[in-house]
Amino acid sequence: MGNVVVYGSDFMAFSAAASAARFTDNVILISPSPIAKLGGIGTIGGQNFFDTRPWGQDKKQVQKGTFKQLLDLYGQFYNTDTMANYLSNYLTSSSLNVTIYHCYDITSVTTVSNPYRISAVTIKSISRNSAGNIVWGTSTQTITGDIFIDASVEGRLARTVNSAVTTGRYDWPSNTLDTVEQGTNYVARQQAATLMFKVTGVVDNTTSDMIFGEHDDTHVKYAYGGTSAYKNNSVIKSFNNAHAPSGYMIKPVNAAQNGPGSTEWWVNAFLIFDVDGRANFRDFNTSFYPSSTISGYKTTDAAWIAARNFLKNESSYLNALRQYDGFSQVDFVYDSDGYPVVGEVLYIRETVHMSMDSSLRGNNTENTNYQITANESLNAGSSATSSAADYGNYANRIGLLYYYADVHPYKYTDLRSNQGEYLWSADSWNDMRGNMFTSDTPTNPVYAPYECLLSGYVANLLIPGYAANISSLSWGEARVFPNLMVLGDAAGVAAAVCKNNDTQPLYITQTLMQDVQSKLVNTIHACLDKDQAWIVSL
């Protein structure tokens with residue numbers, strides 16, 4: 001039998017590979033990470049804080065499956081090395097036996113017709129050089145496959161073999177976009193990125209502006225908040241006034257200990273604007289480099305290098321961070337070269353979105369050309385009733401997605417009102433899109449249909465990564481890793497079922513669709529129905 005080939009380093013790649021290997025042999029994972037560890041943004045990137053949102057008055061969690069497996073083991077906050085080691089060891093265990101190609105990326109894709117599908121990818125080793133760029137090595141492999149899964153942040157496979165993708169918020173109403181984002185190049189701004197960094201000296205100091213806590217089971221400490229200081233503290237405002245026009249801002253804090261008892265914390269509080277998550281230094285002058293991008297946007301490599309240098313050389317950032325309650329004594333953790341310890345990859349929040357029809361791409365299409373529309377996610381029902389906006393997704397549902405409408409800013413001015421006041425959360429969302437949001441938007445989880453994993457054109461490609469068939473506004477909710485692991489679970493099971501039944505995922509039958517749903521519920525323990533959400537204390 002042929003291979004199921006999963007491409008990606010992050011949690012959704014892990015869940016896709018693990019779920020596929022539960023039901024079929026010959027699962028291969030290609031991890032385009034510069035470090036030989038899995039988990040991507042959530043491990044080597046330093047984002048050790050699962051973004052969750054319990055649903056309803058009884059605080060239910062709607063994401064189960066592989067996400068719940070990790071949550072039960074390590075909790076909402078965790079040591080990044082421990083998590084990365086678990087991910088690799090679990091996939092390569094004798095029960096799953098997944099083959100992992102660490103530190104490889106795709107250099108070419110081979111396709112065949114009748115039906116149009118991917119038959120093989122050629123991969124080459126990668127590493128970060130002394131200048132900070134991720135560059136090609138010399139080791140190459142050609143990997144053949146029956147079914148391919150793009151579970152990546154970049155959407156490299158999806159955007160290479162199907163022209164139906166749009167970049168960033170291109171599908172938003174044209175009157176909400178800058179002139180450069182309108183027209184027919186299908187490219188618009190992407191949400192701001194973050195560079196995670198480590199500090200010591202955090203002091204538990206819960207106030208009205210900053211919440212500190214400790215996980216009941218794992219005893220890992222965490223902190224979040226600072227919105228009032230972000231808006232009103234003169235030092236923080238001075239920093240943002242000075243550096244936001246250059247693309248750097250300090251934002252309210254999410255932070256967690258790097259495991260129980262650690263004196264080191266990973267901190268999410270550093271926004272970087274104008275980063276093209278599709279653009280890599282190693283791809284210059286190749287077909288993988290974006291043919292069109294927003295003027296002034298940087299590659300992921302250039303952005304990482306510049307942001308790391310900024311933290312090292314600009315003392316005003318650390319001074320601004322110390323204004324937050326509990327952070328007055330912090331200092332960076334430094335490496336042997338005197339740089340602050342930062343994530344090995346950027347926390348990219350948005351890249352491309354697969355649409356249903358390349359000929360229908362355009363501004364104002366967020367409710368017409370994607371399998372999860374803005375209306376479906378914002379107005380999902382509390383149950384499977386025909387009047388609910390997401391009811392059309394119910395028959396082929398493969399999971400539930402739920403979080404806030406967490407649309408991070410696209411420009412620093414998205415965080416400033418016309419009166420010059422700093423904005424955050426729903427205030428910023430409303431400034432970008434009008435009066436559409438409250439702080440708890442959306443109210444209910446949205447059914448994710450199987451079709452959101454499809455390109456609509458490439459017969460053997462499934463897409464549980466950033467390039468999923470989801471509108472940009474809905475992506476603000478879908479993009480957090482618990483949701484993406486739901487999509488990864490479904491893609492892995494669907495790949496195995498289709499491979500075992502000699503069927504292309506694009507042409508799955510209703511009988512096989514029901515088999516996928518049954519395996520998700522009974523073996524992966526996924527949650528497909530809103531009344532099956534589980535009560536949890538996080």
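All of these numbers come straight from a predicted model, not from anything done at the bench.
Shown are Ile272, Thr194, Val153; of these, the side chain to side chain contact (heavy atoms under 4.5 Å, CB included) with Leu346 is made only by Ile272. Checking Arg169, Glu350, Arg189 one by one against Tyr410, the side chain to side chain donor-acceptor pair (under 3.5 Å) holds for a single residue, Glu350.
Side-chain contact between Phe270 and Met249: absent, with no pair of heavy atoms (C-beta onward) separated by less than 4.5 Å. Tyr74 places none of its side-chain heavy atoms less than 4.5 Å from the side chain of Thr218. Residues Val161 and Leu461 are in side-chain contact: their nearest non-hydrogen atoms beyond the backbone lie under 4.5 Å apart.
Residues Trp265 and Tyr222 place their aromatic rings such that the two centres sit no closer than 6.0 Å. In this structure, Phe310 has its ring center under 6.0 Å from that of Tyr248. Aromatic pair Tyr339/Tyr334: ring centres not closer than 6.0 Å. For Trp424 and His408, the gap between ring centers is short of 6.0 Å. You'll find the ring centres of Tyr224 and Tyr324 outside the 6.0 Å limit.
Atom NZ of Lys221 is surrounded by 12 or fewer heavy atoms from other residues, nucleotides or ligands within 6.0 Å. Counting heavy atoms of neighbouring residues, nucleotides and ligands inside a 6.0 Å radius, atom CD of Glu214 exceeds 12 of them.
Judged by a 6.0 Å distance limit and a 45° cone about the ring axis, Lys251 is not positioned over the six-membered ring of Tyr230.
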Task: Intermediate values then yes/no, side-chain contact (heavy atoms from CB on, under 4.5 Å), Phe197 and Tyr317 - done: CA-CA 12 Å; Phe197 55 83; Tyr317 181 84; 3.4 Å; yes
Open item on the list: Would Val121 and Leu157 count as a side-chain contact (heavy atoms from CB on, under 4.5 Å) here? Give the steps.
Closed with: CA-CA 9 Å; Val121 293; Leu157 264 179; 4.1 Å; yes
Task: Criterion side-chain contact (heavy atoms from CB on, under 4.5 Å) on Trp304 and Thr299, from CA distance to verdict - done: CA-CA 9 Å; Trp304 184 88; Thr299 66; over 6 Å; no
Task: Audit row: Thr293, Asp276, side-chain hydrogen bond (donor to acceptor under 3.5 Å, both in side chains) steps and yes/no - done: CA-CA 7 Å; Thr293 190; Asp276 192 332; 2.7 Å; yes
TODO: Start with the C-alpha gap between Thr52 and Tyr402, add the side-chain angles, then the distance that decides, and say whether side-chain hydrogen bond (donor to acceptor under 3.5 Å, both in side chains) holds.
DONE: CA-CA 8 Å; Thr52 64; Tyr402 188 56; over 6 Å; no
TODO: Tell me, with the steps shown, if Val27 and Leu96 meet side-chain contact (heavy atoms from CB on, under 4.5 Å).
DONE: CA-CA 9 Å; Val27 177; Leu96 296 184; over 6 Å; no
- [ ] Evaluate salt bridge (charged side-chain N to carboxylate O under 4.0 Å, His left out) for Asp406 paired with Arg479, printing each intermediate quantity in order.
- [x] CA-CA 9 Å; Asp406 196 12; Arg479 66 179 181 80; 2.9 Å; yes
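Judged purely by distance below 3.5 Å, without hydrogens or angles, the side chains of Thr523 and Arg22 never pair a donor atom with an acceptor atom. A donor-acceptor contact closer than 3.5 angstrom is absent between the side chains of Glu477 and Asn483. Side-chain contact of Glu376 with Ser474: a donor-acceptor pair under 3.5 Å is absent, judged by distance alone. If you check the side chains of Ser139 and Tyr104, you find a donor sitting under 3.5 Å from an acceptor. Side-chain N/O atoms of Ser31 and Ser9 include a donor and acceptor closer than 3.5 Å.
The shortest non-hydrogen separation linking Pro32 to Ile30 is CD-O, 3.3 Å.
Listed by chain and number, the residues in a side-chain hydrogen bond (donor to acceptor under 3.5 Å, both in side chains) with Glu154 are Arg156, Arg159, Asn280 (sequence neighbours excluded). Not counting sequence neighbours, Glu451 has no partner by the salt bridge (Lys or Arg N to Asp or Glu O under 4.0 Å) test. Considering only residues two or more places apart in sequence or on other chains, Asp390 meets the side-chain hydrogen bond (donor to acceptor under 3.5 Å, both in side chains) condition with Lys530. By the ring pair (Phe, Tyr, Trp, His ring centres under 6.0 Å) test, Phe67 pairs with Phe50, sequence neighbours left out. For Tyr289, the ring pair (Phe, Tyr, Trp, His ring centres under 6.0 Å) partners two or more places apart in sequence, or in a different chain, are Phe284. Residues meeting the ring pair (Phe, Tyr, Trp, His ring centres under 6.0 Å) test with Trp266, sequence neighbours left out: none. Contacts of Asp440 classified as salt bridge (Lys or Arg N to Asp or Glu O under 4.0 Å), with partners at least two apart in sequence or in another chain: none. Evaluation of the ring pair (Phe, Tyr, Trp, His ring centres under 6.0 Å) rule for Phe148 yields no partner, not counting sequence neighbours. By the side-chain hydrogen bond (donor to acceptor under 3.5 Å, both in side chains) test, Thr66 is found to be paired with Asp489, residues two or more places apart in sequence or in another chain being considered. Residues satisfying the side-chain hydrogen bond (donor to acceptor under 3.5 Å, both in side chains) test with His525, not counting sequence neighbours, are none. Not a single salt bridge (Lys or Arg N to Asp or Glu O under 4.0 Å) links Asp414 to another residue, sequence neighbours left out.
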Quiz: residues 84-91 side-chain donor-acceptor pairs under 3.5 angstrom, not counting sequence neighbours:
{"from": "Asn85", "atom 1": "ND2", "to": "Asp81", "atom 2": "O", "distance (Å)": "3.2"}
{"from": "Tyr86", "atom 1": "OH", "to": "Gln69", "atom 2": "NE2", "distance (Å)": "2.7"}
{"from": "Asn89", "atom 1": "ND2", "to": "Asn85", "atom 2": "O", "distance (Å)": "3.1"}

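Not one N or O on the side chain of Asn3 forms a donor-acceptor pair closer than 3.5 Å with the backbone of Val5. Listed for the Ser377 side chain is a donor-acceptor partner under 3.5 Å among the backbone atoms of Ala374. Proximity of a side-chain donor or acceptor of Asn48 to a complementary backbone N or O of Tyr78 within less than 3.5 Å is detected. With Asp150 contributing its side chain and Ala158 its backbone, the two residues share a donor-acceptor pair below 3.5 Å. A donor-acceptor pair under 3.5 Å is formed between the side chain of Asn444 and the backbone N or O of Ala380. The backbone N or O of Tyr347 lies less than 3.5 Å from no partner atom in the side chain of Gln47, so there is not a single donor-acceptor pair.
A salt bridge does not link Glu344 to Lys37: none of the charged side-chain nitrogens sits closer than 4.0 Å to a carboxylate oxygen. Taking the charged nitrogens against the carboxylate oxygens, Arg282 and Asp105 do have a contact shorter than 4.0 Å, which makes a salt bridge. The existence of a salt bridge linking Arg308 and Asp337 is excluded, since no basic side-chain nitrogen approaches an acidic carboxylate oxygen closer than 4.0 Å.
Atom OH in Tyr404 sits 11.0 Å away from atom OG1 in Thr441 (nearest 0.5 Å). Atom CD1 of Ile100 sits about 9.5 Å away from atom CZ of Phe14, to the nearest 0.5 Å. Here the straight-line distance linking atom OG of Ser425 with atom CZ of Phe437 works out to 10.5 Å at 0.5 Å rounding.
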